[in-house]
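All values reported here derive from a predicted model rather than from experimental measurement.
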Amino acid sequence: MPGTAPSTVARELEEKGYIHAPGMLPPMLVESLRMRAHATLFREKQEARDAVKSNGSLIHLSDNPEYADIVGLKDIELLLRDCGATDPRWTGGFLISKPGGGPPLFWHQDWWGWDDSSAYDARAHQLFVMIYLTDTRPENGCLRVIPGSHRHDHPLHHLATAHSEGMQSYDDPTNPAYADHPDQVQVAVRAGDVLVADARLIHGAFANRTDEERPLLTLWYMPHWSSMP
């Protein structure tokens, strides 16, 4: 409600650019989603995965209705509202799975509306929700972030444009966009944990140095849909 003090979670999201909600999904749902993910990946053509080798896969959830239950999960909506969302609307999502031996994900941020002054508000106008289907750690490609980079300039903002075909297909492994950075924080999680992050946050992922897939679902939301400019 207007005038209500922000929650601890909302303050953390505003300050760091991300929050970690452990154990949000029950084990049976996680196992079901993991089985669905492996079935989806089995159907994906190898050339499609090679084209996004740095990501591992970018499979639209809107093309796969078997994920509809997670998109509409009430606990996700409640978490978003605890993060300060006033009118959260889902706008898309992906199955992102880094295969065994997959390279690192390049440093990037995902916000697109920099030409509008609202892009520099303290509150986020776009959030991503990551739902992890396996335990993660640096060895198998866990997330890495630059805390505070959603609101402050950072040298990684000035790298070559991310999301290009060459970056996604890992054409040049020596590109500094794939390298470790002294400001990075590793975000290791357990299966069933959920991360919520500001789209402006600089983030990437470590290489997967194991022989197992590391699948996750990424859901995109506009948290203040009706009041966006």
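Atom CD of Glu165 has 12 or fewer heavy atoms from other residues, nucleotides or ligands within 6.0 Å. Shown here is Arg190, whose CZ atom has no more than 12 heavy atoms of other residues, nucleotides or ligands within 6.0 Å. The local environment of CZ in Phe42 is sparse, with at most 12 non-hydrogen atoms from other residues, nucleotides or ligands closer than 6.0 Å. The neighbour count for Trp225 CH2, taken as heavy atoms of other residues, nucleotides or ligands under 6.0 Å away, does not exceed 12. More than 12 heavy atoms of other residues, nucleotides or ligands lie within 6.0 Å of CE in Met228, so this atom counts as buried by the packing criterion.
Scanning both residues, Asp172 and Tyr178, for their nearest heavy atoms gives O-CE1, 3.2 Å. Contact detail for Tyr170 and Pro173: the closest heavy-atom pair is OH-CB, 3.4 Å. The two residues Asp116 and Pro229 have their closest heavy-atom pair at OD1-CG, 3.6 Å.
Side-chain contact annotation: Tyr67 with Thr40, donor-acceptor N/O pair under 3.5 Å present. Between the side chains of Thr210 and Asn140, not a single donor N or O lies within less than 3.5 Å of an accepting N or O.
Side-chain contact between Leu143 and Val145 is present, with heavy atoms from C-beta onward closer than 4.5 Å. At a threshold of 4.5 Å between non-hydrogen side-chain atoms, the residues Val194 and Asp75 do not count as touching. In this structure, the side chains of Asp193 and His20 come closer than 4.5 Å at one or more pairs of heavy atoms. Between Asp183 and Arg144 the shortest side-chain heavy-atom distance does not fall below 4.5 Å. With contacts defined as side-chain heavy-atom distances shorter than 4.5 Å, the pair Ile96/Arg214 qualifies. With contacts defined as side-chain heavy-atom distances shorter than 4.5 Å, the pair Tyr221/Phe128 does not qualify. Using a 4.5 Å cut-off on side-chain heavy atoms (C-beta onward), Glu213 and Asn208 make no contact. The shortest distance between side-chain heavy atoms of Ile146 and Trp107 falls below 4.5 Å.
Between Glu77 and Lys74 there is a salt bridge, with a side-chain nitrogen of the basic residue lying less than 4.0 Å from a carboxylate oxygen of the acidic one.
Aromatic pair His163/Phe106: centroids less than 6.0 angstrom apart. Proximity of the aromatic rings of Phe94 and Trp220 is defined here by a centroid distance below 6.0 angstrom, and this criterion is not met.
Met24 pairs with exactly one of Val129, Ile131, Leu79 by the side-chain contact (heavy atoms from CB on, under 4.5 Å) rule, that one being Leu79.
Contacts classified as ring-ring contact (aromatic ring centres under 6.0 Å, His included) and involving residues 135-158 (residues at least two apart or in different chains) are given here: His154-His181.
Between His224 and His125, the ring planes lie perpendicular to each other; the angle is over 60°, past the 30° to 60° tilted range.
Glu15 pairs by the side chain to side chain donor-acceptor pair (under 3.5 Å) definition with nothing, not counting sequence neighbours.
Formation of a donor-acceptor pair under 3.5 Å by the Ser149 side chain with backbone atoms of Ile202 is found in this model.
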